Protein chains: 2
Amino acid sequence: MAANSRLTIATHALVWLALAQRRGQELLTSEQVAASVNTNPVIIRRSLGDLRRAGLVDVRRGAGAGWSLAREPEGITLLEVYDAVDAQPPFGLHHTEPNLECPVGRGIRPALSGAYGRVEQAIRRELADTSIADVLRETLTNQPTGR
Amino acid sequence: MAANSRLTIATHALVWLALAQRRGQELLTSEQVAASVNTNPVIIRRSLGDLRRAGLVDVRRGAGAGWSLAREPEGITLLEVYDAVDAQPPFGLHHTEPNLECPVGRGIRPALSGAYGRVEQAIRRELADTSIADVLRETLTNQPTGR
DNA sequence: CCTTGTCGCAACAGCTTCTGTTACATCCGA
DNA sequence: TCGGATGTAACAGAAGCTGTTGCGACAAGG
């Protein structure tokens, strides 16, 4: 259960903001977003706070406050969301330093870093290929009741 | 610190087995492998147990026991190790079911599953491109003391 | 047959991370 | 000024991973 769902939560919020915007509702409160994600508003504020720091959403405070997309949904890629939420890379190196008296212990960390770096680049290329608008379109075609 | 180092530990063990084999030592005990990784032998037995179930290493029990590679290091890819250790995928979906009364809540899970599946495939393609022999070669060229 | 060295595995503790919750200060439009 | 909403700290609970101990199972070799 410890799977990282932060990218999912952030993307869900952005897709919901994009749909609301298309429907003419520019602002959503964290409570309204939380109702769709089915979680606590604080979780949403934390997530949207990450996206605000990355410049993907705008926030208005005070009375009548709420969140809105800072850019067109076509121009926001999952890669930007990934960077905004600062997800942990899939693989980690040794917790404790390997034995440096062993040739493998001496040289394996840079070797693995190279391989893991290539994997990370592949992930980034793939995430850059999907936009929030893409996810919204795909979401609307997956309506169990036929919508 | 919760970064998943299981792929790292398993790969380290396999690279060490490959080097020992090249040096003429066919069998290594979990204690010898643990000395190179700098961890507890039980950790190594757990990891090599995964690899044994996947058919990547052989084990001999009893006195004079130990581990050996089941295949040539050129033929073992990081993808097989990844599958053997059953690493968790980088992204998880919602912990709790989204609100099904919202169009986004209804359709976003299959949409995200598609995107995440493409990312997973990209990871697998990249991991399939590197073998244990590749990592061993790279490891031996990274010897700080010049070997 | 028996000793001995090693694996297999269960159980547990400690640590970290994540989610979820409560509480409260801050902000700003009306 | 008032009220509704964000920002953020503090905390609890759950889960996963590493590391450790202990002990049973196993097999080579004397």
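Numbers restart at 1 for each chain; the letters A, B, ... are given by sequence-line order, proteins then strands. All figures in this text were calculated on a predicted structure; none of them were measured in a lab.
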Donor-acceptor pairs are to be reported for all side-chain atoms of residues 124-131 of chain B against protein atoms at under 3.5 Å, with residues two or more places apart or in another chain.
| from | atom 1 | to | atom 2 | distance (Å) |
| --- | --- | --- | --- | --- |
| B/Arg124 | NH1 | B/Asp83 | OD1 | 3.0 |
| B/Arg124 | NH2 | B/Asp83 | OD2 | 2.9 |
| B/Ser131 | OG | B/Ala133 | N | 3.3 |
| B/Ser131 | OG | B/Asp134 | N | 3.1 |
| B/Ser131 | OG | B/Asp134 | OD2 | 3.2 |

Rounded distance in Å - CD1 (A/Ile44) to P (C/dT19): 11 Å

Phosphate OP1/OP2 of C/dT19: any A/Ser5 side-chain N/O under 4.0 Å: yes

Minimum side-chain heavy-atom gap A/Val37-A/Ser47 below 4.5 Å: no

Nearest-nucleotide comparison on DNA chain D, the residue closer to the 5′ end among A/Pro41 and B/Arg60: A/Pro41

Nearest-nucleotide comparison on DNA chain C, the residue closer to the 5′ end among B/Thr29 and A/Gly62: B/Thr29

Below 4.0 Å: OP1/OP2 of C/dC18 and any side-chain N or O of A/Arg6: yes

Considering only nitrogen or oxygen atoms on both sides, find all protein atoms under 3.5 Å from nucleotides 22-26 of chain C and state each distance.
| from | atom 1 | to | atom 2 | distance (Å) |
| --- | --- | --- | --- | --- |
| C/dT26 | O2 | A/Arg61 | NH2 | 2.8 |

A/Arg53 side-chain proximity, nearest of C/dC7, D/dT6, D/dT8: D/dT8

Nucleotide C/dT17, atom P - distance to CZ of A/Arg46 in whole Å: 14 Å

For B/Ala20, side-chain contact (heavy atoms from CB on, under 4.5 Å) partners two or more places apart: B/Gln25, B/Leu28

Nucleotide D/dT6, atom C1' - distance to CZ of A/Arg52 in whole Å: 9 Å

Partner set under side-chain contact (heavy atoms from CB on, under 4.5 Å) for A/Arg60, not counting sequence neighbours: A/Leu27

Between P of D/dG16 and CG of B/Asn4, the distance in whole Å: 12 Å

Atom-to-atom span, CG of B/Leu51 to C1' of C/dG8 - whole angstrom: 15 Å

Touch class at under 4.0 angstrom, heavy-atom based, for A/Ala63 against every strand present: base

Single hit among B/Gln21, B/Arg22, B/Arg137 for side-chain contact (heavy atoms from CB on, under 4.5 Å) with B/Pro73: B/Gln21

B/Ile43 CD1 to D/dC17 C1', straight-line distance once rounded to whole Å: 8 Å

Separation of C/dT19 C1' from B/Leu93 CG (nearest whole Å): 16 Å

Would you list the atom pairs, donor with acceptor, under 3.5 Å between side chains in residues 38-45 of chain B and any protein atom, with sequence neighbours excluded?
| from | atom 1 | to | atom 2 | distance (Å) |
| --- | --- | --- | --- | --- |
| B/Asn38 | ND2 | A/Glu97 | O | 2.8 |
| B/Asn40 | OD1 | B/Val42 | N | 2.9 |
| B/Arg45 | NH1 | B/Ser30 | OG | 3.1 |

Length of the line joining B/Leu28:CG and C/dG5:C1', which is rounded to integer Å: 16 Å

Donor-acceptor list for residues 111-119 of chain B side chains, cut-off 3.5 Å, not counting sequence neighbours:
| from | atom 1 | to | atom 2 | distance (Å) |
| --- | --- | --- | --- | --- |
| B/Ser113 | OG | B/Arg109 | O | 2.9 |
| B/Tyr116 | OH | A/Thr8 | N | 3.4 |
| B/Tyr116 | OH | A/Thr8 | OG1 | 2.8 |

Short side-chain N/O contact to D/dT18 OP1/OP2 from B/Thr39, under 4.0 Å: no

